[in-house]
Amino acid sequence: MNHRYDHQTVEARWQKTWEDSGIYRSRVDWTKPKHYALTMLPYPSGDLHIGHWYAMTPSDARARYMRMKGYNVLFPMGFDAFGLPAENAAVQANIHPWTWTYSNIERMRRQLGSMGTMIDWSREAVSCTPEYYRWTEWFFARLYEAGLAYRGKALVNWSPTLQTVLANEQVIDGKDERTGQPVVQRMMEQWFFRITDYAEELLEFDGIDWPDPVKAMQTNWIGRSEGARVRFSVEGGEDIEVFTTRPDTLHGATFMVLAPEHPLVDLLTTPENAEAVAGYRAQAAGRSELQRTDLTMEKDGVATGGYARNPVTGQWIPVWIADYVLMSYGTGAIMAVPAEDERDWAFAERYDLPIVRTVQPPADFEGKAYAGDGPSINSDFLDGLYMVEAKEAMIRWLEDQGHGKRAVQYRLRDWLISRQRYWGSPIPVIYSQDGTMELVPDALLPVELPEDVEFMPTGRSPLTYHEDFLNTLGSDGRTATRETDTMDTFMCSSWYQLRYLSPDYAEGPFDPEEGAYWLPVDVYTGGAEHAVMHLLYTRFFTKAMRDMGLYGPTSERMRAHGRDPEGMFDEPMIMLRNQGQVLGEERPGDSVIAEGRMEGDRLYAESVTVVSDPADLPASGKAVAGEIIGRTERVMKVLPIGSQQAVTVEVLPDAEVRIAAIPGDNTVSQLRHRLDVQRMSKSRGNVVNPDDLVEEFGADTVRTYLMFAFEWEKGGPWDSRGIRGSQRFIVDFWRLGRSDYQAADTDADATASLRRTAHQAITKVGDDLERFRWNTAVAELMKLRNALNNARVERNVDPEAWQEAMSILTLLLAPIAPHVTEEVWHSLGNTGSVHLQPWPEADERAAAEEIVTMVVQVNGRVRARLEAPVDISESEALEVALAAPNVARHVKGRPIRRVIDRRPRLLNLVV
RNA sequence: GGGCGAGUGGCGGAAUUGGUAGACGCGCUGGGUUCAGGACCCAGUGAGCAUUGAGCUCGUGGAGGUUCGAGUCCUCUCUCGCCCACCA
């Protein structure tokens, strides 16, 4: 105990030993059950941040636990290495994306090494290497052949900032999800994958254990609606088809609205309206997605002058165009039923269009449009029918009369994979001069990215002006041009779990022999932010591969080894768990003066002044002045000076803001920034650097703290003091391992008690690790540490029991803190790695309690806690309970009417 | 606006099926040790009342309900978070 625990030396030594002995190499072994543990691969942005540690080290701990439980575990790692940041670095700093990416990867590999994980680096895959993207291209070719990849003209999301199109999933609130810059709609010819073909199957989550929120998000995103397609005829023109979820309200369709981009607009527009229509279309085209979807904006539109015939009423109704109708959903046209749809009501009101109720609203209904259920009215043969029956009756009528049919519509759009960027996997397609297109033959894959490229500050992809890349020959020997778009990087990550199986395999994307053993992924961990992107794409990819027969050889190998391939390739990952986010540290001490109007106990602040020191607050006259005790975005909880009751202060968007620490005029967004402790970011100065933590505390302490500090799936704010508790735990454990335990007066009870704590811990920690409950697992281990510490001081435990408990603690802690446990394992006199040991078996008898606390309640309220043997009889229990003075006092001699007997833990006397 | 989730000490969080609320840790308080600080050790720590016999009351956002018994179940309500959002 005269030595300090030198984590730096110990951790480095064991990391080297493990690497040299190759204990983390995983090999196929059909005699053992397999376990494929996967954690989302990082983008090589340059530095590993605390979030990577938070996601990866518990996953590593669980993989280690599974190995101790007897599984043959694969825990690989790689890099999702294509993407825009590399290209931006190239433009800004004149570094080639290769150089930038590779130096980052190198750095991150080192940092990953410092975590002490059991990653099998021989399985590493990097998506930007030709060996990898050869197969990304190969998959594209297969999808193309299967009709699942197609090139089409569509209105797409164009980001002027990034100079590329984006998938629907990458656009949030009309802004690019990465940079937050607005996105505009453009009509472009692009490559798509037919993910919509799988919409129905993607809604099923049978047989997979995924978190409910992720399933809900995907379901929501796919957005299945049932209804009908209805055709409205146009005099001398093509029919207008609409999709509606409310065919029962067809009698109330008093006008139609087309998206401004709808192809029939030109045909419908009368000469008198031509100018207005052209003007409106131009205006809509110029609006950003953000403006077009702004809900506060009043709906506007113009009449085309054309009319269509409502098939059920026979009436001719006017056709309008408006940009609240989206070209990308349904047919790009709607039948407007103002009485039963709020948007249509607003539009009808504004342009004085007729409104006919077809559903009787309840008597107390006061609103305008009524979208609820009710008996049909003004609807001829539907009158009196409620929604469900009316829908069915109308669909039957439409099908009988040939005016429409039952239909299912999905919100999900096809996956747009083209990117007008250099740093991505090329699309292996060439175009000949006559406009035909052909795939690059498999034998010529990969189409490699040229290295001698120059980046233009315009942001244009260098592939578009690289002559050697562009010019090629078609299969007929004539000159042809290459596709210059590259693929969305989500394409790379849709199949990486397969490449890990055999990153050097050259006969196919992965070795079927490996796939037959390891697939599918058993546990997948990562952030929930990928719920509707990566996690949806990879499911689609797996199902498409299955249907294209790409798992054929793997199935064959499975059968050869006696494993049934049935259902093995329906889903990529069986179990999914999402970690939360580590947030910036709470920053106490700010005080605030806020003025505004008070409504209830909430202040809507029109003016806000933030000071760092409450002494700076002027005495009075303000609506609220006090310390900020809670904050989220624009809402703060403020404890007024001298008050016990906190006040909620909501800062209005246009409030006047002064922040003492930031000179000059301040804005609400600065305030939000100042108050928002949510995310770590460099500009907020609240970033925690894992490298520094590892240097100061050691990887084991950081790992333990990250697992102990929060509910893993939730996350929370970093606490720079809290980590000390985990450090103490690790150092205490190391000291216990080195201490030469000498018993003095051994005591049977103390010995049994220590053994009980140890053996109970085996079960509890195992259960917790199984269920990703790291915090309670660590708490249980700390209890065992406390028990051992206590025994060491008291010296009253039998030495053999002490050794046993010490050994149990070492084994149970091994998945969480791999280095210090290895060190202690050896200092306890063991040979061989602790990480190759089996998980200990709990001795039921040692774990069993003999004496427990029996709680005695009178009428459900606790009146005594008595020590009782576990097998106490009812009569005996009653006797000791009634003998307790406090129980007797509350029974007051009344007869016991009922005894609720939960012996030996609880006895409730009802009097 | 719609969907989902969550509110427990000063803080992070515990609490199988309704059965000892606050495990474990941080922080804090008192004491010890130390040249000092840190570290370390011991004791205490939900609130209030009582007290060196005990014990009592309140307490899991709020209001009600079911039950011998509710953090847990039901109804209403408030607040926060996340996702989606003119999706016809």
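Here is how names work: the chains are called A, B, and so on, in the same order as the sequence lines, proteins then strands, and each is numbered from 1. Just so you know, these numbers use all the heavy atoms, side chains as well, and skip hydrogens, waters and symmetry mates.
Going from atom CG of A/D414 over to atom P of B/C87 covers 21 Å, rounded to whole Å. Distance, A/M707 CE to B/G13 P: 17 Å, rounded to whole Å. Remark: P of B/G27 and CZ of A/R724 are 9 Å apart, rounded to the nearest angstrom. A/W221 places its CH2 atom 10 Å from the C1' atom of B/C83, with the value rounded to the nearest Å. The CZ-C1' distance, from A/R771 to B/A15, rounds to 12 Å in whole Å. Rounded to whole Å, atom C1' of B/U16 lies 16 Å from atom CG of A/L906. What separates CG of A/L412 from P of B/A85 is a distance of 12 Å, to the nearest Å. Separating the CZ atom of A/F708 from the P atom of B/C11 is a distance of 17 Å, rounded to the nearest angstrom.
A/E849 and A/Q760 share a donor-acceptor pair across their side chains, judged by distance under 3.5 Å alone. For the residue pair A/D341/A/Y370, the side-chain donor-acceptor check at 3.5 Å is not satisfied. For the 3.5 Å distance criterion, the side chains of A/E226 and A/T245 fail to qualify, holding no donor opposite an acceptor. Side-chain contact annotation: A/D300 with A/Y280, donor-acceptor N/O pair under 3.5 Å present. For A/R229 and A/T331, the side-chain atoms include no donor-acceptor pair closer than 3.5 Å.
A salt bridge (Lys or Arg N to Asp or Glu O under 4.0 Å) with A/D901 holds for exactly one of A/R898, A/R903, A/R905; it is A/R903.
For B/C24, the OP1/OP2 oxygens have no side-chain nitrogen or oxygen of A/N786 closer than 4.0 Å. Here A/R728 reaches the OP1 or OP2 of B/C40: one of its side-chain N or O atoms lies under 4.0 Å away. Note on A/S225: a side-chain N or O is less than 4.0 Å away from OP1 or OP2 of B/A88. Between A/N886 and B/G53 there is no side-chain N or O to OP1 or OP2 distance below 4.0 Å. The phosphate of B/A85 (OP1 or OP2) has a side-chain N or O of A/R411 nearer than 4.0 angstrom. Between A/H890 and B/C56, a side-chain N or O to OP1/OP2 separation shorter than 4.0 Å is present. Residue A/R898 places at least one side-chain N or O closer than 4.0 Å to OP1 or OP2 of B/C68. Within the structure, every side-chain polar atom (N or O) of A/K714 is placed at least 4.0 Å from both OP1 and OP2 of B/C82.
Close placement of the A/W774 and A/F772 rings is indicated, their centers lying within 6.0 Å of each other.
Residue contacts for A/V325: at a heavy-atom cut-off of 4.0 Å it reaches a base atom on one of the strands shown. Here A/N859 lies in heavy-atom contact (under 4.0 Å) with sugar-phosphate atoms only. Here A/F243 lies in heavy-atom contact (under 4.0 Å) with a base. Within 4.0 Å of A/R224, counting heavy atoms only, lies no atom of the nucleic acid at all. Residue contacts shown for A/Q857 include a base, since a base heavy atom lies under 4.0 Å away. Looking at heavy-atom distances under 4.0 Å, A/R413 makes contact with a base. A/R721 comes within 4.0 angstrom of the backbone, heavy atoms only, and of no base. Looking at heavy-atom distances under 4.0 Å, A/G301 makes no contact with the nucleic acid at all.
No donor-acceptor contact under 3.5 Å links the side chain of A/R861 to the base of B/C68. Under 3.5 Å, the side chain of A/R905 and the base of B/G19 form no donor-acceptor pair of N or O atoms. For A/E342 and B/G1, a side-chain-to-base donor-acceptor distance below 3.5 Å is absent, hydrogens and geometry of angles not being considered.
Across B/G10 and B/G65, the matching C1' atoms stand 34 Å from one another, rounded to whole Å. Between the C1' atoms of B/G25 and B/G32, the separation comes to 23 Å (whole Å). B/A63 and B/U79 have their C1' atoms separated by 15 Å, with the value rounded to a whole Å. B/U29 sits 39 Å from B/U77 when the C1' atoms are compared, rounded to a whole Å. Nucleotides B/A88 and B/C73 have their P atoms positioned 33 Å apart, rounded to a whole Å. Separation of the P atoms belonging to B/C76 and B/C28 is 45 Å when rounded to the nearest angstrom. Nucleotides B/C87 and B/G19 have their C1' atoms positioned 49 Å apart, rounded to a whole Å. Going from the C1' atom of B/C11 to that of B/C68 covers 36 Å, rounded to whole Å.
With a cut-off of 3.5 Å on both pairing distances, the Watson-Crick or G-U wobble partner of B/U79 is B/A6. The partner of B/A88 is absent, by the rule that a Watson-Crick or G-U pair needs both atom distances under 3.5 Å.
Listed nucleotides B/A88, B/G19, B/G13 differ in distance to A/I900; the shortest reach to its side chain belongs to B/G19. In the set B/G13, B/C24, B/C86, the nucleotide with an atom closest to the side chain of A/M782 is B/C24. Considering only side-chain atoms of A/E711, the nucleotide from B/G13, B/C24, B/C86 that sits closest is B/G13. In the set B/G25, B/A88, B/C26, B/A88 carries the atom at the smallest distance from any side-chain atom of A/T245. Comparing B/C86, B/A88, B/C68 by their closest approach to the side chain of A/Y329 singles out B/A88. For A/R865, the side-chain atoms get nearest to B/U20 when compared with the rest of B/G19, B/C24, B/U20. Nearest nucleotide to the A/R863 side chain, out of B/U20, B/A23, B/C56: B/C56. Closest contact between the side chain of A/R785 and the listed nucleotides B/C56, B/G25, B/A88 involves B/G25.
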side-chain contact (heavy atoms from CB on, under 4.5 Å) assessment of A/F232 paired with A/D239: CA-CA 6 Å; A/F232 287 66; A/D239 290 355; over 6 Å; no
Candidate pair A/Y351 and A/W320, rule side-chain contact (heavy atoms from CB on, under 4.5 Å), full reasoning: CA-CA 10 Å; A/Y351 295 107; A/W320 287 62; 3.5 Å; yes
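By the rule that a glycosidic angle within 90° of 0 means syn, B/G9 counts as syn.
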